[in-house]
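Take a look at the structure below.
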Amino acid sequence: MEDPQIHGSIDRMVAEEHELWQREAAGEASDSDRQQLEALRVSLDQCWDLLRQRRARRDAGQNPDGAELRGPEVVERYQQ
């Protein structure tokens, strides 16, 4: 996946996340909405990680296409 495709995925997920947060704020969110919010959070973390990997590989003179989408068990353990 190329950077523009990753950014497009992020944009779509962020838009969906905002809709779900609006439902939550209005007191209209279902358990399914909350589960989807959590899934989106993890997917967004994975996409941002993939972009960082691609940038790092590019900066190191390597092929950015060698970056791989890491699983939730990896990206969710990062320290902020």
Side-chain angles (χ1 to χ4, degrees):
M1 195 181 314
E2 298 292 324
D3 291 4
Q5 292 171 308
I6 299 168
H7 282 286
S9 293
I10 289 171
D11 289 344
R12 285 187 296 279
M13 284 187 275
V14 166
E16 184 177 355
E17 183 183 43
H18 283 268
E19 288 177 29
L20 291 168
W21 276 118
Q22 287 176 346
R23 279 189 230 160
E24 181 70 33
E28 301 169 353
S30 66
D31 287 340
S32 176
D33 291 336
R34 290 181 192 96
Q35 290 172 349
Q36 183 61 24
L37 267 171
E38 178 60 19
L40 282 169
R41 185 185 63 77
V42 172
S43 293
L44 282 165
D45 287 348
Q46 288 176 299
C47 286
W48 284 116
D49 174 69
L50 183 59
L51 280 175
R52 284 192 284 287
Q53 284 182 64
R54 289 180 59 81
R55 185 179 313 123
R57 291 181 68 81
R58 201 175 287 116
D59 290 348
Q62 298 176 0
N63 183 351
D65 293 336
E68 295 181 1
L69 189 67
R70 296 188 241 213
E73 66 280 355
V74 174
V75 299
E76 294 306 298
R77 292 182 187 223
Y78 290 154
Q79 297 293 321
Q80 296 293 327

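Counting from 1, the numbers follow the sequence of the chain as shown.
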Would you check if Val42 and Glu76 make a side-chain contact, meaning some heavy-atom pair closer than 4.5 Å?
yes

Apply side-chain hydrogen bond (donor to acceptor under 3.5 Å, both in side chains) to Glu16 and list each qualifying residue two or more places apart in sequence or on a separate chain.
Gln36

Note: Glu24 and Ala29 closest approach over all heavy atoms is OE1-CB, 3.1 Å

Listed by chain and number, what are the side-chain hydrogen bond (donor to acceptor under 3.5 Å, both in side chains) partners of Asn63, not counting sequence neighbours?
none

Cluster partners of Met1, using ILVMFWY side-chain heavy atoms under 4.5 angstrom, listed by chain and number?
Ile6, Ile10, Met13, Val14, Leu20, Trp21, Leu37, Leu40, Leu44, Trp48, Leu50, Leu51, Leu69

Could I get the full list of salt bridge (charged side-chain N to carboxylate O under 4.0 Å, His left out) partners for Asp3, not counting sequence neighbours?
Arg54, Arg58

Looking only at atom types and distance, does a side-chain atom of Asp33 sit under 3.5 Å from a main-chain N or O of Ser30, one as donor and one as acceptor?
yes

Arg55: partners by side-chain hydrogen bond (donor to acceptor under 3.5 Å, both in side chains), with sequence neighbours left out:
none

Glu68 backbone acceptor or donor facing Gln53 side chain under 3.5 Å:
yes

Return yes if a side-chain donor-acceptor contact under 3.5 Å exists between Asp31 and Gln35, otherwise no.
no

Taking side-chain hydrogen bond (donor to acceptor under 3.5 Å, both in side chains) as the definition, give me every residue that meets it alongside Glu28, ordered by chain and number, with sequence neighbours left out.
none

